[in-house]
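Down below is the structure, laid out as structure tokens.
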Amino acid sequence: MKIADKDVTVFKGREPEAPLVILNTVGEEGEPVYQELRKETDRDFSMAAVGGLNWEEEMTPWPLPDSEKGRLPGSGGGDKYLGKLTEILLPEVLRQLPARPRYTALAGYSLGGLFAVYAMYKTDQFARIASASGSLWYPGFLSFARGNPLMRKPDRLYFSLGNREAKTRNRMMKTVEENTRELAEWYKCQGIDVTYRENPGNHFQDAARRMAAGIAWILED
């Protein structure tokens with residue numbers, strides 16, 4: 001269905017109050033992730049996959065510095081999209097469900113994983129977060145994350161990376177593993193239930209399965 005110019009697919013859980021996972025998608029990977037997730041867990045959940053995104057704009061927290069424009073993705077429309085997500089898309093998704101979910105989680109891959117972590121600082125609506133192969137190399141993000149308060153400490157926080165993702169000539173992207181590990185430890189020190197997992201391969205390998213594994217972990221009690 002169309003909601004505020006976005007393509008939203010809702011997969012309903014068995015129980016009325018099943019947890020709801022919001023998954024921002026770059027293409028049409030909502031269905032593959034959902035199918036992989038059904039293999040990963042027998043936990044009940046609902047999922048809303050959001051597509052039709054202007055990925056490099058709506059998933060990034062601020063514009064790239066001039067020195068990086070043309071070499072890295074990002075024009076910094078994350079705050080505007082987060083407002084649309086929490087004020088328009090999420091309420092409409094909730095209207096499609098038979099009852100209010102026990103909690104709502106946010107998940108994403110690549111820049112979507114960056115956005116999911118960024119959202120913790122801007123809204124208290126998401127109780128659990130999954131960032132799979134998150135673009136935590138993004139210029140300035142590590143300093144931002146360590147220097148600002150969370151709007152809500154998530155109950156569970158998941159990070160993963162491929163073990164070849166940092167093997168790149170790009171000076172910014174090669175920081176992704178160091179930044180992800182550092183942030184995982186940073187959040188652990190704040191008393192958050194955090195896990196970090198390493199997967200074989202590069203950024204693009206087994207994306208649906210990796211995302212599903214992250215969502216399955218945050219759904220655990």
Side-chain angles (χ1 to χ4, degrees), residues 6-11 13 19-56 58-60 72-74 105-120 126 128-138 141 154 156-170 172-185 187-188 193-220:
K6 305 305 178 193
D7 300 314
V8 182
T9 304
V10 178
F11 305 86
L20 170 65
V21 179
I22 303 294
L23 174 65
N24 289 305
T25 66
V26 66
E28 297 182 355
E29 65 268 33
E31 177 70 29
V33 171
Y34 178 77
Q35 295 302 332
E36 288 291 332
L37 189 48
R38 298 310 312 172
K39 300 174 188 175
E40 288 277 345
T41 182
D42 59 2
R43 301 267 178 185
D44 191 24
F45 66 93
S46 297
M47 189 177 89
V50 182
L53 295 165
N54 185 335
W55 194 247
E56 295 178 2
E58 293 177 310
M59 293 292 101
T60 53
L72 296 173
L106 182 63
Y109 195 91
S110 191
L111 287 174
L114 170 71
F115 177 83
V117 178
Y118 178 67
M120 300 192 303
F126 302 108
R128 304 186 183 196
I129 301 290
S131 173
S133 289
S135 301
L136 302 177
W137 51 262
Y138 202 81
F141 190 76
R156 306 204 99 199
L157 174 57
Y158 177 94
F159 294 104
S160 71
L161 277 180
N163 60 9
R164 297 191 58 80
E165 293 197 49
K167 294 177 171 59
T168 174
R169 293 180 180 178
N170 186 291
M172 295 303 302
M173 289 183 174
K174 72 191 306 179
T175 65
V176 66
E177 182 174 341
E178 179 183 353
N179 287 5
T180 303
R181 288 182 179 275
E182 184 171 335
L183 283 174
E185 290 303 315
Y187 295 125
K188 281 182 183 178
D193 187 2
V194 182
T195 196
Y196 170 83
R197 291 183 182 173
E198 190 174 272
N199 301 299
N202 60 27
H203 184 70
F204 302 99
Q205 189 168 331
D206 299 326
R209 183 184 57 79
R210 291 181 187 179
M211 188 72 263
I215 296 172
W217 188 84
I218 64 171
L219 287 172
E220 294 176 11

Residues Y158, M211; criterion side chain to side chain contact (heavy atoms under 4.5 Å, CB included); working and verdict | CA-CA 10 Å; Y158 177 94; M211 188 72 263; 6.0 Å; no
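- Here the straight-line distance linking atom CG of N199 with atom CD of Q205 works out to 9.0 Å at 0.5 Å rounding.
- Here the side chains of F11 and L37 are not in contact, with every heavy-atom distance at 4.5 Å or above.
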Side chain to side chain contact (heavy atoms under 4.5 Å, CB included) assessment of R209 paired with K39 | CA-CA 10 Å; R209 183 184 57 79; K39 300 174 188 175; over 6 Å; no
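- For the atom pair CD1 of I129 and CZ of F115, the computed distance is 9.5 Å after rounding to the nearest 0.5 Å.
- Looking at heavy atoms from C-beta onward, V26 lies out of side-chain contact with Y109 at the 4.5 angstrom threshold.
- Annotation: the span from M173 atom CE to N179 atom CG amounts to 12.5 Å, rounded to 0.5 Å.
- Nearest approach of G162 to S133, heavy atoms of both residues: N-OG, 4.1 Å.
- Shown here for S131 and G113, the closest heavy-atom pair between the two residues is OG-O, 3.2 Å.
- The two residues A116 and A130 come nearest to each other via the heavy atoms CB-O, 4.1 Å.
- Scanning both residues, T60 and G74, for their nearest heavy atoms gives CG2-CA, 3.6 Å.
- Looking only at side-chain heavy atoms (C-beta outward), Y187 and F159 come within less than 4.5 Å of each other.
- A pairwise comparison of heavy atoms in K6 and N54 identifies NZ-N, 4.3 Å as the closest pair.
- Counting heavy-atom neighbours within 6.0 Å of E178 CD, excluding the residue itself, gives a total of 12 or less.
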Please assess L114 against M59 for the test side chain to side chain contact (heavy atoms under 4.5 Å, CB included), listing each intermediate value before the final yes or no.
-> CA-CA 7 Å; L114 170 71; M59 293 292 101; over 6 Å; no
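- Here the CD atom belonging to E165 is positioned 10.0 Å from the CG atom belonging to L136, to the nearest 0.5 angstrom.
- The local environment of CZ in R38 is crowded, with over 12 non-hydrogen atoms from other residues, nucleotides or ligands closer than 6.0 Å.
- Under a 3.5 Å cut-off, the side chain of E40 and the backbone N or O of E36 do not form any donor-acceptor pair.
- With hydrogens and angles ignored, the 3.5 Å screen pairs no side-chain donor or acceptor of S160 with any backbone N or O of E198.
- We find the OG1-CD1 distance between T41 and I215 to be 11.0 Å, quoted to the nearest 0.5 Å.
- Annotation: side chain of E58 is not in contact with side chain of N24 (no heavy-atom distance under 4.5 Å).
- For G134 against L161, the heavy-atom pair with the smallest separation is O-CD2, 4.3 Å.
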Please test S110 against S135 for side chain to side chain contact (heavy atoms under 4.5 Å, CB included), starting from the C-alpha separation and ending with a verdict.
-> CA-CA 5 Å; S110 191; S135 301; 3.5 Å; yes
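- Residue L183 holds its CG atom at 11.5 Å from OH of Y196, rounded to the nearest 0.5 Å.
- For Y34 and F45, the ring centers sit closer than 6.0 Å to each other.
- Taking 4.5 Å as the limit, some side-chain heavy atom of L23 sits within range of a side-chain heavy atom of M47.
- For the salt bridge (charged side-chain N to carboxylate O under 4.0 Å, His left out) test with E220, the passing option among R43, R128, R156 is R156; the others fail.
- Salt-bridge check for R181 with E185: failed, with every basic side-chain N at 4.0 Å or more from each acidic carboxylate O.
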